Amino acid sequence: MPSNLLILTPPTSQKGLAGYLRGALPLLREITRPRLGRFTLGVLLVIVSRAASLVVPGSFKILVDQIIAARRITLLGPLILAIVAGVIVHASSSLAVTRLLGKEGLRIVAYLRCRVQEHVGRLRLSYFDRNRVGGIVARIMLDIESIRNLVGIGVIEFLGSLLTALFSLVCLVSISARLTAISLSFVAAAMVVSKIVMARMGPLYNEIGTIHADITGRLSESLSGIRVVKGYRAEAQEARVFSGHVQRLLHCSLRSITSQSWLAFSNALFMGMGTAAVIFVATRQILSGALTPGDFFTFMAFAAFVTGPVLQLSAIGSTLAEAIACLDRTQDLLNEPSEDANLERRRDIGPIQGYVSFQRVCFSYESGQNVLCDITFEAQPGTVTALVGPSGAGKSTIIGLLMAFYDSSEGSIIVDGADLSRVTLDSYRRQLGVVLQDTFLFDGTIHENVAFARPDASEAEVLEACRIAHVREFAERFPARYNTVVGERGVRLSGGQRQRISIARAILADPRILILDEATSSLDSRSEAAIRDGLSYLMKARTSFVIAHRLSTIHRADQILFVEDGRIVERGTHEELYASRGKYYDLYTRQYWTAAAGAHPALQDNGPEPARSQSSGPAQ
Ligand code: ATP
């Protein structure tokens with residue numbers, strides 16, 4: 001199967017901020033609805049906090065006009081008391097809102113990560129063919145972290161500030177409608193610039209997110225393939241590719257900084273000019289007696305509460321634009337259809353015997369290009385079907401269809417009388433067992449890796465599976481025995497040991513249909529014998545499908561399907577196909593003599609034309 005190493009994340013469309021917001025709306029609704037009460041409380045606390053902070057500017061008029069100008073010092077004590085009370089209310093409500101919304105933001109991040117991870121686990125395999133794993137990881141970890149700013153403190157603080165601004169605006173108008181109009185005209189100019197810049201920032205942040213996903217994808221691929229990278233001395237080349245991505249990211253981030261800087265510049269400019277204009281007009285009004293100095297100071301202090309949210313818009317605007325773009329991308333991911341989205345898959349299949357029939361099955365990964373064509377065969381319960389044929393012939397694709405990773409484009413696959421395309425995946429797959437060439441181990445203990453197939457299995461069952469699969473022989477030699485940690489993808493074990501763990505896992509799962517992709521590399525004769533022994537036990541009384549490389553497996557198969565160019569071109573037992581001297585004969589004899597030249601352990605007691613009765617049994 002081709003790796004998805006070179007498949008880049010498709011570029012995301014440039015929707016603009018409103019487009020992102022529209023796309024993100026369902027998810028936004030989903031996360032806010034159950035928290036409406038807490039968010040409302042958050043808004044109320046922000047309003048209380050901001051209202052309390054208005055005590056200080058509100059005191060200016062009394063301070064300047066009644067205490068300083070009229071020299072009424074007796075009012076100073078009560079005024080200071082009022083200010084202190086306001087400060088205490090402001091500080092405590094700020095504390096409460098930060099704790100409430102900060103924690104809620106974290107809970108939302110945790111909820112979204114689990115929700116998206118669960119959905120990703122149920123996506124169709126074709127999604128993973130199109131998208132790199134690192135990119136998906138970046139979406140779950142990085143994108144969702146940025147969403148915290150949108151639903152956490154940021155947006156509610158902003159809402160609270162807006163409400164305070166409205167209240168302050170009323171105060172401003174009551175002091176002087178003319179000064180208010182002058183101030184607002186500058187605020188409006190700043191908002192126009194801010195709107196233009198924000199419209200540019202949405203797509204920019206989306207692009208940054210996509211590049212992030214590319215970088216993480218490439219980085220995780222090159223680190224997990226570090227042996228290949230070093231083997232081909234490709235460190236410099238990897239560094240170049242990485243640096244290319246980082247430069248793209250830098251370029252986009254610089255553009256976003258430029259936008260942010262212009263935003264900050266325009267805000268500072270318009271606000272500063274507005275202040276100058278207000279000072280100019282207000283001073284003339286004070287001199288003409290139309291305004292008191294106390295009114296002027298109060299006006300200036302309240303004006304800060306109106307212009308504040310506009311300035312804040314530039315500070316949190318970019319963060320919010322980024323968060324909305326991330327939310328939109330997360331929603332895109334959640335919109336991807338999951339495997340069980342197919343409404344025809346409704347029937348639970350129940351315990352099966354393991355009868356499998358492919359009936360004129362065709363399949364294409366990309367529409368119009370058939371990879372499999374007219375595949376028809378039957379496998380009776382308890383039999384072994386070996387798939388052989390040249391590389392790229394379609395063997396793994398047949399197995400992929402059998403595992404219901406993909407749906408056939410034509411024809412049908414019948415399992416115990418049920419059409420596989422109508423069966424619920426969970427009920428079917430729990431009866432499948434897989435032992436793949438690329439044995440997949442987690443960075444856990446040997447015990448955890450075996451029990452992965454059935455976490456509820458008893459200790460005795462796990463140990464028994466380890467005994468049958470010859471895991472015991474090496475596990476008990478480690479100081480930590482079955483609690484030995486195997487390393488990422490099992491790197492601390494040999495290839496043969498990894499395969500034995502994978503066989504033990506399948507024995508524990510006790511499947512009705514077994515899928516086996518044999519390893520091509522030869523192992524030392526002891527390991528090979530142990531693996532063959534484990535496999536023989538495993539295949540007993542199950543319907544087995546094997547992408548066969550070991551001659552011993554091919555000999556014992558009840559039927560061999562020779563696949564070429566997506567079609568079954570020969571079928572029969574080893575003896576029948578060998579006697580017909582066709583393509584199988586060519587492949588077999590070539591493989592036999594190649595292996596014999598290298599003293600392949602599988603051949604040590606098998607000649608080129610073994611009788612079927614000789615070739616069956618666990619440890620040929
Ligand atoms: P091998 O023995 O080398 O593993 P195979 O017989 O198992 O080969 P398949 O992996 O089934 O062959 O591939 C059959 C064809 O389908 C090949 O031409 C391959 O390029 C193509 N193919 C396989 N997987 C995908 C995929 N995920 N997307 C698109 N094309 C694919």
Side-chain angles (χ1 to χ4, degrees), residues 1-10 120 123-136 217 221 228 336-337 339 356 358 360-377 379 384-411 413 420 432 434-440 495 499 502 513-522 544-551 553-554 557 559-571 577 582-584 586-588 590-591 594-595 600 602:
M1 291 260 204
S3 91
N4 58 7
L5 192 77
L6 295 174
I7 299 174
L8 292 172
T9 312
V120 165
L123 288 181
R124 293 181 181 159
L125 216 60
S126 53
Y127 179 81
F128 298 92
D129 293 344
R130 284 183 277 117
N131 293 278
R132 52 202 327 180
V133 170
I136 301 172
E221 279 160 2
V228 180
E336 283 290 329
E339 281 187 306
V356 173
F358 272 54
R360 309 191 71 97
V361 169
C362 297
F363 175 73
S364 59
Y365 287 102
E366 282 136 39
S367 55
Q369 297 172 333
N370 264 357
V371 168
L372 293 180
C373 206
D374 205 14
I375 301 288
T376 299
F377 67 87
V384 176
T385 299
L387 298 165
V388 295
S391 179
K395 304 180 294 290
S396 306
T397 308
I398 294 179
I399 293 296
L401 289 176
L402 180 63
M403 292 179 81
F405 286 157
Y406 304 96
D407 291 329
S408 59
S409 27
E410 277 174 49
I413 302 169
L420 191 54
L432 288 185
V434 274
V435 180
L436 298 180
Q437 201 180 121
D438 178 17
T439 42
F440 180 76
Q499 282 181 37
S502 146
I513 296 178
L514 177 70
I515 283 156
L516 201 63
D517 190 355
E518 284 185 341
T520 38
S521 53
S522 56
S544 305
F545 293 86
V546 191
I547 296 184
H549 298 290
R550 285 190 182 84
L551 296 172
T553 315
I554 299 176
Q559 65 173 337
I560 298 166
L561 305 177
F562 191 97
V563 187
E564 192 178 63
D565 288 339
R567 290 171 187 274
I568 297 173
V569 290
E570 288 178 18
R571 67 179 76 208
L577 292 183
K583 289 175 189 281
Y584 172 77
D586 290 344
L587 183 95
Y588 180 82
R590 205 169 47 241
Q591 192 176 349
T594 310
H600 191 293

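Bear in mind the structure is a predicted one, so any value in this text is a computation, not a measurement. Every heavy atom of this structure was used, including side-chain atoms; hydrogens, water molecules and symmetry mates were not. Counting starts at 1 for both ligands and their atoms, following the listed order.
Near Asp129, meaning under 4.0 Å from any of its heavy atoms, are these atoms of ligand 1: 27 (N). The Val371 neighbourhood of ligand 1 comprises atoms 14 (C), 15 (C), 16 (O), with distances under 4.0 Å to a heavy atom of that residue.
Side chains of Gln559 and Thr385: a donor on one and an acceptor on the other come within 3.5 Å.
Inter-residue side-chain proximity for Val388 and Leu587 is flagged as met; some heavy-atom pair is nearer than 4.5 Å. Looking at Tyr406 and Val371, their side chains never come closer than 4.5 Å, going by heavy atoms from C-beta outward.
The N/O atoms of Lys395, backbone and side chain alike, include one that comes under 3.5 Å of an N/O atom in ligand 1. Among the atoms of Ile547, none of the N or O lies under 3.5 angstrom from an N or O of ligand 1.
The closest approach between a heavy atom of Gly389 and any atom of ligand 1 is not below 4.0 Å.
Under the rule for a salt bridge (Lys or Arg N to Asp or Glu O under 4.0 Å), Glu570 has no partner lying at least two apart in sequence or in another chain. By the ring-ring contact (aromatic ring centres under 6.0 Å, His included) test, Tyr127 pairs with no residue at all, sequence neighbours left out.
When Tyr365, Tyr406, Phe363 are ranked by how near their heavy atoms come to atom 31 (C) of ligand 1, first place goes to Tyr365.
By the criterion of a heavy-atom distance under 4.0 Å, both the backbone and the side chain of Thr397 are placed next to ligand 1.
Taking all atoms of both residues into account, the shortest heavy-atom contact from Val120 to Phe128 is O-CZ, 3.2 Å.
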